[in-house]
Each structure stands twice: as C-alpha cells, then as structure tokens.
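Here the structure comes first, spelled out in structure tokens, and everything after it is commentary.
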Amino acid sequence: MKGLVYALVAVVVVLALFRRVRARRQPHPPSLLGAVARTLGGRRLLGDTGLVAAREVHERLRGRFFRVITLILLAVVAAAIVIPTLHSSSRPVVRVGVVGTLSTSQRATVAAALAHARIGGLVTAEQDTADARAALHSHRVTVVIEEGRTLLVETAASASGSTTAMAAARAIATALGLQNAFRAAGVSTSQAAAIARARPLPIRSAAARPSGAARGTSVIGLVFIFILLTQYLTWTLVGVMEEKTSRVVEVLLATVRPVQLLGGKVLGIGLVALLQAGLVVAFALVLADAVGSDLLKGTAPTVVAASLLWLVLAYAFYAWVFAAAGSMAERQDQAQSMSLPLSVPIILGYVLALVNAGPGPASLFMKVLAYLPPTAPFGMPLLVAKGEVTWWEFLVAVTLSIGSTVAVARFAAIVYERAVLRTGHRIRLREVLVQQR
Amino acid sequence: MEGSLELTGLSRRFGSLVALDELSFTVARGRVTGFLGPNGAGKTTAMRAIFGLTELDGGCVRWNGAAVGPADRRRFGYMPEERGLYPGMLVGDQVRYLGRLHGLSDHDASAAAAHWLERLDVADRLSSKVESLSHGNQQRVQLAAALVHDPELLVLDEPMAGLDPTGVDAIGEVLTAQARAGRCVLFSSHQLDLVEDLCEVVVIIDHGRVVASGEVGELERGGAPRLAVRVEGDRDGTWARELPGVEVSEVKGGAVRLVLHPGADSDAVLDAARRAGRVLEFAFARRRLSEVFREAVRG
C-alpha cells in the first residue's frame, strides 16, 4: 500500500511539473527549456548544431506526445516495481487463542516469532480449554496456547505440513520452548533476546552468479530500449521528412551546412531520449528503494547502467540511418516503407534477447549478435544480466559500436546532403549515390 | 562591385534539361529588382544557386566582388517559393530561431522577431502555431523570418503569390523600404502589374538565359511605337487585326493596344477605328512591362 502511495505521489509531482512548464511556455521559452536552449545554442559551445539541437529539445518537450508517453512509461515502471511488492507483502494472518495468562515477555516472544515467520498475529483470550477447542473447530482461532506450556491446533497430523497454521504453531512453539529453557538455565531476558536474534552466516557463491532480480531488470531494460529506440528513431525519420516536405530545409540550408542540421537533429532528439530514459530510471530507483523492491538489488544496478549506455549507443548508431532515410522520403507511407527494413535488426535483436532472457545461459548465436553493432544494444545488456561477459569483452562491443557509428554517420551525411533538397518523388539510394544534388 | 550581387555565367543541367544557360546579371544596392520569366525559365534554380542550394555546372555568384561564402549567406535573407516554415512551431519561436541561426543573440532575435511581426501586422499571432494561420499571414511570417536578421540582400521567390491587395501592399511597402535603406532586393513574380509598380529594374529570363534587362522606364520606352485605342461598342479589336503592319498586343476592358511595326500608318489606324464606331480614346502609349515581357520571351 505504501508503494502505491509513493507511485501516486510521484505521478502527481510529474504531472504538476508538466503543467507548470506548459503554463509558462509563452511568450518566452520556459526557464527549463530556455536553459537547455541557451546551453546548447551558445555559439561558443556547439554553434549552429547546438541551435538546431536546442530547437529539437524545445519543440519535443513542448509537445503533448512526449508528456503522454513519459507518463505511460512511469506508470508501467511503477506497476512493474510496486505490484510484486504488494503481492509479497500480503502476509497471512493467524488468530492465536490464549487459555490462562501469558506474561508480557511471553506475548512479546509470540509476536516476534510470528513476525520472523512473516505471519501476522491477533491474540484473543479464551475462557477455558473447551472454549478454545470449540474456537479451533469453528476456525475462529488457528492456534491455542494453553497456560504458556502447550499448543493446540485443529489437526495434529499436519504438524510437519506447510500450512500457515502449522508454520505459526511451529514458530510459537519453538520460541516459547526456548524462552522456557533460557529461564530454567538462568539466562536473563536481555541475554535471551540477544540469543534469539541469532542469524545463520551468509553463504556466497565464488562464481558470482547473477540474481533473478538482475534478469528481471534486464527484461524490463530490453523492453524499454526497444520502446524508446523505436519511438525516437521514428521521430528522427519523420522529423527529417517533415522538414523536407514543408521546405523549411531550404531556409535552414541557406544558412547552416547540411551536416550541422543533421547533427543537430540527431543530437537534440537523442538528448530528449536520454532525458526521458534518465527520468524513468531515476523514478524507478527512488520507487524501488521506497517500496523495498528486489528489482534493483544485487547486480541489477549494473544491468540498468549497461541498458542506459546501450540505449545511447543504439540511438547514435541508428539515428543517422533513419535520418538519411527520412531525407529520401516525401510522404508518410514512403517513410514507413523505408523504416521497415531498417527496423529488422532492431526487432531481431530484441526478440532473440527476450527468448534468451530465461535462467539458462545465452545461446552462441545470441553471444555473437551481442558484438554486432546493430544487435549489440539488446545482446550486451542481456549478457551483463546473465554474468556472461567480462569487462573487456563489453569494452570491445562498445568500441565496435562507436566505430561503426562514425562510419554510418559519414555515409548518412552524404545521403542526406544529396537527397534532402530533391523533391517531387521518392529518392532511390542509387540515384543519390551517382548524382549531385 | 560594392554592395551588389553578381551572377556570372551560371550553368546548370538536370539530365537533358538546361535550367541555367550562362546566366549573368547584377542586382544593385538600393533598388528593387524584379526577376521575371515564364514557368520553367530557371528563376528558382538561379535563386537557389545564390544560397548554394543547388550545385552549379559552371559560373559563379559574387557578393561585393568576391565569391559568395557561408559567412555572406548568413547576411542574406531568403524566402523560397514553397514556403519554408515548421507547421507546428509557434510563430514567435520560429522567427526567433531563424534569427539566431543568422547570428543574432537570443535577446536581439527576440526583439527583432517582435519588431517584424508587429510591422507586418501579425504580432497578435506570436503564440499561434504557423499551421493555424491563413495563407496570407503565413506569407507575412515568412517575410518576417527573411528580414529578422536585417539582411544586406533579400531574395524572395514569388513573395506575393496568393495574397490579397492588403497583403500585397504590406509586403510591397516593406520591400521598397528595404531598398531605400540601401539593401539589395531581388524578387520574382508573375504579377507583372505589381512588378511594374514596385521595381525600378527588371531582369527577364527564358530557358536559363537573360532575354531582357534594365530599368523599367527604359524598357518601356523601347520597342516599336504603340497606340491605345478605345472604340465604342468594341470588345476585341477585330477591326484592327487586318491592318497592315499593325499587331494587337493587348485587349483589356474594351481598350486595344496596338503595336505599329515599320510600314504601319497611324492615320490608317484612326480611319479604321472610326469605321468601327465612335472613337473614345486614341493615343500613343509606352510599352507596358507585360508587353516587354511577352516580346522578350517570344524573341
């Protein structure tokens, strides 16, 4: 319940922030967006590329779509984190009947024993043993303590079973028995309490196997990389196409170089993607901590960091390609038909990573894909979650991705420069490569 | 040449189509230069070449005597034929953004955007999306975007297309004021009456070549003599079509404009007009720009 309250409060805060930003947007840019624009647009920092990027950030954050998709993502994250904890925190409750009297220390011992067994307890007084038996028969109580010396349950044969009633009975019997033994041995109450807090030593694996939580986190990470990647790549493609079809690109290219315009768009949309991903992750961290979720424990934070890094690398790799494709299209249907083949490696990497996300080791094919730049954004976070990659192997994949991104960006810039000013029909790649603009 | 734009020998082919064929002309400072030509003559390609938006097969664009570079283009203003604005962006943001791309500071771009939107009567749409504006108001915003950085050269491709008379007047006043302030102004249009009123100089091109250019007054004084004749009840000037050496140039509102080629006799024209009906008007007239255009394009 506490988690649900946290989630609701967080959503309300985010909504309030969005409303505040929207209310202050005109006639001057909102302070947050203005700050972003000033930072990026400062000619000393990034020049015209920064100005173009700042416009992208400003316009995307101003749009309703960004707010809606962010709220949906936050809601999904909140559900993924809070619902499992709600399930695990719904502890069973037993009613404990007491015949005779229980001392204060005995009551405390019973309460502690039940809490340790993750069972809630309600203690009720019974007049005598007959009443207590009747209460057991009618299931009004689950366990009866007679004079602090004996325990009664409805079915003694189930003493070795795993029902809540027997778990409660075993916990109470053990605790009261120990308390009686300590008292007989002259152990003081405080000493008895210290002994009762004894815990077995932790046992750790030398192989440092990943936790189930890390795997769960990696699956959520894969889904988010896929959603954010497809969303922002679509923005890039459609954004370039719209600049072309509205002919605003003519006005822009009269002043800035094509590579600056292309770079600014990729950078701006990428920053928005990073901002949204960062917001979601920060929200997840705070919420998970607040509700005591297991999803971000153990090696899971490493998986989160790896997923974020690969989201950035994936966007950087694909954004250039989608922007170049957008410069060759003039209509929405053309853009869609061009984006489909470009999305194949993304879908392939995503689906195969999900298939391999189970408890067993990743397949050899998946391991190979984890090093190829088009599919590495899904493969590598999975291998990290499974503990099947060393730091230097991870570094090799990152280096390969960055190197490929540089090559892809150069090629995309050539295509963009030659295609974006050609209008009247859909441009073919061959046409772009053999002709001047 | 100080303060002028020179296009020298521009050539551009698109496959077998010759868009520009050794095109050369100069746009002088302080004057509004009209850029005329039939559809497909190469006007838009020439204007795009000024901004490096099309590769050239040959020739050079010069500003103040030197080849035009990116720094020069930052001081130019451009309004393309098919309007170039972000449909979903707010008007104020849009003009300010383009000002910043031309090198203005955030503060200066905001002030200049407010000034030009006010001057062009669209200040009340500062916070509207461009797509919500009428065609005429979008034209005004586009012009504000071209002017926001106080450019030394204005290149406008069909800036008055589709505008009502109020819009034409508003944009015409701004262009004239820019020229009076010492700027170079080059604009293309198919509205020849408008060009006649607005421009001191015109350049007429056809098939990528200049076919006529010069001051509007000089061009109008040139060519064969012509008569403006109005005959009561006549609507199409049929009476003049068979006269030797006489060509019907225009028929508009019952008035006939006749070109007198060598051998034509104005007295014979007057006699023919009288035979057709009561003569309401008979006078020698200057060439109109529309006639200059037609004669130049026809060769």
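Throughout, protein chains are lettered first and strands after them, A, B, ... in sequence-line order, and every chain is numbered starting at 1.
Without hydrogens or angle criteria, Lys43(B) side chain to Phe187(B) main chain gives no donor-acceptor distance under 3.5 Å.
If you measure heavy-atom distances from Tyr86(B) to chain A, the contacts under 4.5 Å come from both the backbone and the side chain. Using a 4.5 Å cut-off between heavy atoms, Glu250(A) touches chain B through backbone and side chain atoms alike. Val249(A) does not touch chain B: none of its heavy atoms, backbone or side chain, sits under 4.5 Å away. Ile50(B) does not touch chain A: none of its heavy atoms, backbone or side chain, sits under 4.5 Å away.
The residues Arg247(A) and Glu81(B) are annotated as not salt-bridged, no charged nitrogen and carboxylate oxygen being separated by less than 4.0 angstrom. One finds no salt bridge joining Asp108(B) and Arg100(B) here, because no Lys/Arg side-chain nitrogen approaches an Asp/Glu carboxylate oxygen to under 4.0 Å. Salt bridge Arg209(B)/Asp21(B): present, at least one basic N to carboxylate O contact under 4.0 Å. Between Arg62(B) and Asp72(B) there is no salt bridge, since no side-chain nitrogen of the basic residue lies less than 4.0 Å from a carboxylate oxygen of the acidic one.
The number of heavy-atom neighbours closer than 6.0 Å to NE2 of His207(B), taken from other residues, nucleotides and ligands shown, is 12 or below.
Near-neighbour residues of residues 223-232 of chain A relative to chain B, defined by a heavy atom under 4.5 Å from a heavy atom of that chain, are none.
When ring centroids are compared, Trp320(A) and Phe411(A) stay outside the 6.0 Å threshold.
Looking only at side-chain heavy atoms (C-beta outward), Val68(B) and Arg73(B) come within less than 4.5 Å of each other.
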